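Quick note: numbers below take in every heavy atom, side chains included, and nothing from hydrogens, waters or symmetry partners. Note that the structure is predicted; figures quoted are calculated from it, not measured. Below, read A as the first sequence line, B as the second, and so on, with proteins coming before strands; counting in each chain starts at 1.
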There are 2 protein chains.
Amino acid sequence: MSTRDALLEVTARLFADHGWRGTTTRRIAEAAGVNEVTVFRTFGSKDALLMESIRVQSAAAMPDVLPAEPGDLRSELTAWGMAHHARLHERRSMIRTCLAEFEEHPELGPVACEGAEVTIADSIRYLGEARRRGLLGPEGSLEAATVMLMNAIFLDAITRDVVPGCAPVPAEDAVAGFVDLTLRALGAGVAA
Amino acid sequence: MSTRDALLEVTARLFADHGWRGTTTRRIAEAAGVNEVTVFRTFGSKDALLMESIRVQSAAAMPDVLPAEPGDLRSELTAWGMAHHARLHERRSMIRTCLAEFEEHPELGPVACEGAEVTIADSIRYLGEARRRGLLGPEGSLEAATVMLMNAIFLDAITRDVVPGCAPVPAEDAVAGFVDLTLRALGAGVAA
DNA sequence: CACGATTGCAAGTACCTGCTTGCATGATCC
DNA sequence: GGATCATGCAAGCAGGTACTTGCAATCGTG
């Protein structure tokens, strides 16, 4: 791996754990097994390295997509929710830090969450198709249901280790519960 | 206001905006209109001041409670959701910072979110009473519904200004939508 | 009035911060 | 084999960090 890639990788990890200020160029160099001067020769400044590191990290996360044609809603939504939850849980430190750091570095708002919109759109598309096929009842906002389900999964994934008392249920059960309620709200049982 | 209280107040604000490292004793003293030495004479150390400041700030937030006896579920839940959303939105900077800072200061995990559990319990109590009175259908987990609703409201409240693209709906509509889906999921319409 | 507590002020300590400079070393390429 | 390039190393800069010390001024209370 090139020096550049090594620096980007350790910087992302340090940033997730220690924030912008806590990620010092000395620590980055030491963690990458590289002289501190190399950091500045490669990226020019600490800020440039951090921005690039977060950008690369975010771009590498692939979105979770639902099947093109809805079949068994419960199993498909549950599998999708679990995968989404797992992906968010892996990146929870980075996400939490970005949320806080947004106060002082608003420029990383767009870069950090560009994937969410496409996932929301895909879920709405999926539920819309399901309704068209009669797998869902005619009532209940699909947009609100998508946002509510994704919000619930997102928050559980990034706060699970912080406040265990507030989420005593295992992650799988939590996701399954959210999916069950979403399907009930959209009249999945009634139509089937 | 005493010097001590002034320090606690500005420290909480600075912490919410700049994090633990970014909240320097110089800034605290300057913002409070006090000499820096007074900070150390009053609290001993920066860490002690920050912990006390966050503790006081969290303890001051009163929980939102639902009516003792459920009447009109939709209006009561919506009013409660709006109030809860507004309260979280006010404290969003502090909450986001605490979530990120938990990595380096795990000790503030319990102190920062002690209020959530009682609110969850109150909501479950309310929905249970509603079901007992036949205002809700017999199916659907009340615990999961409570957590899902609160998660959705919580995340919307603390990320609304960060990722406006992900939540283009006004807060009132978002909360109303979440409440509507929750009631649908628990069979409020059916039973009524 | 005197005493004690609170605070301000100036200075200083030891360490960390981002960043720079000058020079040596090794590999790579023509 | 010589030139170029990436990198390491040692040192240093100016400024910030938490925190301390000593001393003077203020103020309420006895």
**Study point:** Base-contact (B) and sugar-phosphate-only (S) positions in nucleotides 3-14 of chain D, heavy-atom cut-off under 4.0 Å, - elsewhere
**Key:** ----BBBB----

Review point. Does a side chain donor of either A/Thr11 or A/Ser53 reach within less than 3.5 Å of an acceptor in the other side chain?
Key: no

Exercise for review: For A/Thr182, enumerate each residue passing the side chain to side chain donor-acceptor pair (under 3.5 Å) test, keeping only those at least two apart in sequence or located in another chain.
Suggested key: none

Review point. Is A/Glu107 atom CD crowded by more than 12 heavy atoms from other residues, nucleotides or ligands, each under 6.0 Å away?
Key: yes

Practice item. Answer yes or no: are there more than 12 heavy-atom neighbours, outside B/Met62 itself, under 6.0 Å from its atom CE? Key: no

Exercise for review: Mind telling me whether B/His105 and B/Trp20 have parallel, tilted or perpendicular rings, with 30° and 60° as the class edges?
Suggested key: parallel

Review point. Quick check: are there more than 12 heavy atoms from other residues, nucleotides or ligands sitting under 6.0 Å from CD of B/Glu9?
Key: no

Check your understanding: Taking atom C1' of D/dA18 as reference, at what distance in whole Å does atom CZ of B/Phe43 sit?
Key -> 16 Å

Review point. Between C/dG18 atom C1' and A/His18 atom NE2, what is the distance in whole Å?
Key: 18 Å

Review point. Expressed in angstrom and rounded to an integer, what is the separation of B/Arg27 atom CZ from D/dT17 atom P?
Key: 7 Å

Review point. Whole Å only: how far is the NZ atom of A/Lys46 from the P atom of C/dT20?
Key: 14 Å

Review point. The side chain of B/Phe40 lies closest to which of these nucleotides: D/dT20, C/dG18, D/dT17?
Key: D/dT20

Check your understanding: Rounded to the nearest Å, what distance is computed from the CH2 atom of residue A/Trp20 to the C1' atom of nucleotide C/dG18?
Key -> 14 Å

Check your understanding: Could you give the CD1-to-C1' distance, from B/Ile28 to D/dG16, as a whole number of Å?
Key -> 15 Å

**Study point:** Euclidean distance, atom CG of residue A/Asp47 to atom P of C/dC19 [Å, nearest integer]
**Key:** 7 Å

